[in-house]
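These notes concern the structure reproduced below.
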Amino acid sequence: MSEYDVIIVGSGAAGLTAAIALADHCRVLVLAKGELTGGSTAWAQGGIAAVLDAGDTFENHIEDTMVAGGGLNRRETVEFVVENAPASIERLVEMGVPFNKDAEALHLTREGGHSHRRIVHVDDATGWAVQAALLKTAEAHPNITLLPGQACIDLITGRHELRYSGSGRVWGVYALDEATGQVHAHVGRATILASGGAGRVYQFSTAPRGATGDGIAMAWRAGCRVSNMEMMQFHPTCLYNLDVKNFLITEAVRGEGGILKHPVTGHRYMPDYDVRAELAPRDVVARANDDQIKRSGLDYVHLDISHLDPDFVAGHFPNIYDKLLTLGIDMTKQPIPVVPAQHYTCGGILIDLAGRTDLPGLYAAGECTESGLHGANRLASNSLLECFVFGEAAAKDIVARWDQLEPPPPIRPWDESRVTDSDEEVIIKQNWTEIRRFMWNYVGIVRTTKRLERAQHRINMMTHEVEDYYGHFRVTTDLIELRNLLQCADLIVKSALHRKESRGLHYTLDYPEMLAQAVDTVLVP
Ligand code: FAD
Ligand code: SIN
């Protein structure tokens, strides 16, 4: 067992922001599955939204966020995040993030749903620069211990105290050391889940391999409410390539003038769907692309920016340009084949403005949460921002309450007395593939009640099988992830069945209208 003051699950933007904000006050342990750079943060392309232009206002950013979110956002959260954005960017600049500049000011690019240019970026690889700066800062702090290769299994609560209390108080996590196969308890006065989204529940996703909703599933099992899980965001423009399956083509390509075309007729179709054309919010553009593909039996649509100056295109999107060249596509001369793919988990663990969950001692921040910022659809480049604002908010609350956060009691070690090594790993692969396929086909961009019920039926059957397997065999990362993927699939489908309307990212042919009142889908364990 290891004991620190605060345990953080996740080394992406949310986890490291919280760790850095806490480290002058207490000793922090940051746990990560696989490598420290394995989350979505490192993959972010477009940038971070903040009101920094003289012609822009907080009110504009708030309004754009609420419009994209289909009115389901909590206004106080939107105000809180938008108003804290400039300070978050300033801290990143201080940490050395080399944002692009236009003379002395930061260069601002544009993305769908934003009425102004307000996205700061580092070329087209913002996330990598942010991840590197946060890691460098965290590594340099003597109070932060970074421990990669730890797959957290479950939260430690009053049920795991040596003198059983059964309370919901959270004391840390049990984690599998991926190198040794041993499970250890890591305990502290407070725990922060910053474990990212659940994108890999879908067959096609822009998210990294580890985005299996572990934190959401752990929090749910421990007793936290989760909210709006039906609001899964699909990005309209993921590269279509049979070998490279999840390479994003940033929305900034459309922001800078890229247009979507039918690959056979060359027709620019977005104005037929929305007056904002290619710069409509993501749900609108993703549905239009899906519609074009299904209507004409296509494999992909075209995203074309070749009408702009080649030096501008290659200079503005250097990483995408280079990557596409290796695949034989010159984006300065020809269109890029693209398809929609799952991109962001808008729903998650319900938190308040201080990042507090329903359980004492447990906080959460970033993509694993539902803070009220995104509502029914996330506005582009608002998510890294949410990680910085809520990572900081959770840290501040922990410091402010330090005297009330009692030290952890003795905890029972992980019990492996009734399990053996698996001789049927095929079950994991089979179930993993099956979940991702039926979620894509039945719980995707356009839904129906019948398809959702089919998905629910399969989930019910698989849950029995996976729990049986989990009860008999020693845990592996694949098994931990499968159990969590299935749990998240269940939460998504239950939430989708619950919503009897179409709003934002939840579009169902059985209830195509939007109801007058926006109500969150809150599931209670
Ligand atoms: P992540 O960065 O995903 O980190 C999760 C961490 O949790 C990782 O360290 C992981 O190892 C750890 N973890 C997970 N499960 C476990 C477990 N069981 N045990 C231990 N550790 C665990 N947003 C923007 O605002 N702007 C953009 O331009 C942008 N571009 C994007 C491009 C792509 C391709 C993708 C996929 C997303 C993009 N997003 C963008 C979204 C944004 O990157 C994410 O929402 C954000 O980075 C999430 O940060 P996070 O800290 O919450 O989680
Ligand atoms: C992108 O660059 O298109 C992704 C931006 C985001 O997800 O916010």
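Remember, it's 1-based here, ligands and their atoms both numbered in the order they're listed.
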Subject >> Distance from atom 2 (O) of ligand 2 to nearest protein heavy atom, with residue and atom >> reply: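 Minimum-distance protein heavy atom for atom 2 (O) of ligand 2 reads Thr250 OG1, 2.6 Å.
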Original post:
Please state which protein non-hydrogen atom is closest to atom 8 (O) of ligand 2 and give its distance, to 0.1 Å?
Top reply: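 Checking every protein heavy atom, the shortest distance to atom 8 (O) of ligand 2 gives Ser381 N, 2.6 Å.
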Assess [X] for proximity to ligand 2: is some non-hydrogen atom of it under 4.0 Å away?
{"X": "Arg282", "result": "yes"}
{"X": "Gln233", "result": "no"}
{"X": "Leu384", "result": "no"}
{"X": "Ala252", "result": "no"}

Enumerate the atoms of ligand 2 whose separation from the nearest heavy atom of [X] is less than 4.0 angstrom.
{"X": "Arg378", "value": "6 (C), 7 (O), 8 (O)"}
{"X": "Ala380", "value": "8 (O)"}
{"X": "Glu251", "value": "1 (C), 2 (O), 3 (O)"}
{"X": "Glu111", "value": "2 (O)"}
{"X": "His343", "value": "4 (C), 6 (C), 7 (O)"}

Backbone or side chain, does any N or O of [X] fall under 3.5 Å from an N or O of ligand 2?
{"X": "His235", "value": "yes"}
{"X": "Ser383", "value": "no"}
{"X": "Gln45", "value": "no"}

**OP:** From the options Arg378, Arg118, Arg110, select the one residue that forms a salt bridge (Lys or Arg N to Asp or Glu O under 4.0 Å) with Asp64.
**Re:**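 Testing Asp64 for a salt bridge (Lys or Arg N to Asp or Glu O under 4.0 Å) against Arg378, Arg118, Arg110 leaves exactly one candidate, Arg118.
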Original post:
Counting only heavy atoms not in Arg159, do more than 12 fall under 6.0 Å of its CZ?
Top reply: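 12 or below, so no.
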Original post:
Does a sphere of radius 6.0 Å around CD in Glu467 hold more than 12 heavy atoms from other residues, nucleotides or ligands, not counting ones at 6.0 Å or beyond?
Top reply: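 Yes.
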Are side-chain N/O atoms of [X] and [Y] paired as donor and acceptor at under 3.5 Å?
{"X": "Glu178", "Y": "Thr477", "answer": "yes"}
{"X": "Thr109", "Y": "Glu256", "answer": "yes"}
{"X": "Lys33", "Y": "Thr212", "answer": "yes"}
{"X": "Gln233", "Y": "Asp283", "answer": "no"}
{"X": "His506", "Y": "Asn228", "answer": "no"}

Original post:
When you measure from the side chain of His302 to the backbone N and O of Asp304, does any donor-acceptor pair fall under 3.5 Å?
Top reply: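 Side chain of His302 to backbone of Asp304, a donor-acceptor pair under 3.5 Å: no, none is there.
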**OP:** Run the salt-bridge test on Glu94 and Arg91 with the 4.0 Å N-O cut-off and return the result as yes or no.
**Re:**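 The answer is no: the pair does not qualify as a salt bridge.
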**OP:** Determine, for Tyr507 and Arg287, whether the Lys NZ or Arg CZ falls below 6.0 Å from the six-membered ring centre while staying within 45 degrees of the axis.
**Re:**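 The answer is yes; both the distance and angle limits are met.
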**OP:** With a 4.0 angstrom cut-off on heavy atoms, strictly below it, pick out the residues next to ligand 1 and order them by chain and number.
**Re:**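 Within the 4.0 Å shell of ligand 1, which is judged on heavy atoms, sit Val9, Gly10, Ser11, Gly12, Ala13, Ala14, Leu31, Ala32, Lys33, Gly39, Ser40, Thr41, Trp43, Ala44, Gln45, Gly46, Gly47, Gln150, Ala151, Cys152, Ala194, Ser195, Gly196, Thr206, Ala207, Asp214, Leu248, His343, Tyr344, Gly366, Glu367, Arg378, Ser381, Asn382, Ser383, Leu384, Cys387.
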Subject >> Inter- and intrachain pairs under salt bridge (charged side-chain N to carboxylate O under 4.0 Å, His left out), touching residues 144-156, at least two apart >> reply: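 Found Asp154-Arg221, Asp154-Arg483.
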Original post:
How are the rings of Tyr273 and Tyr269 set relative to one another: parallel (under 30°), tilted (30 to 60°) or perpendicular (over 60°)?
Top reply: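 Plane angle over 60°, so perpendicular.
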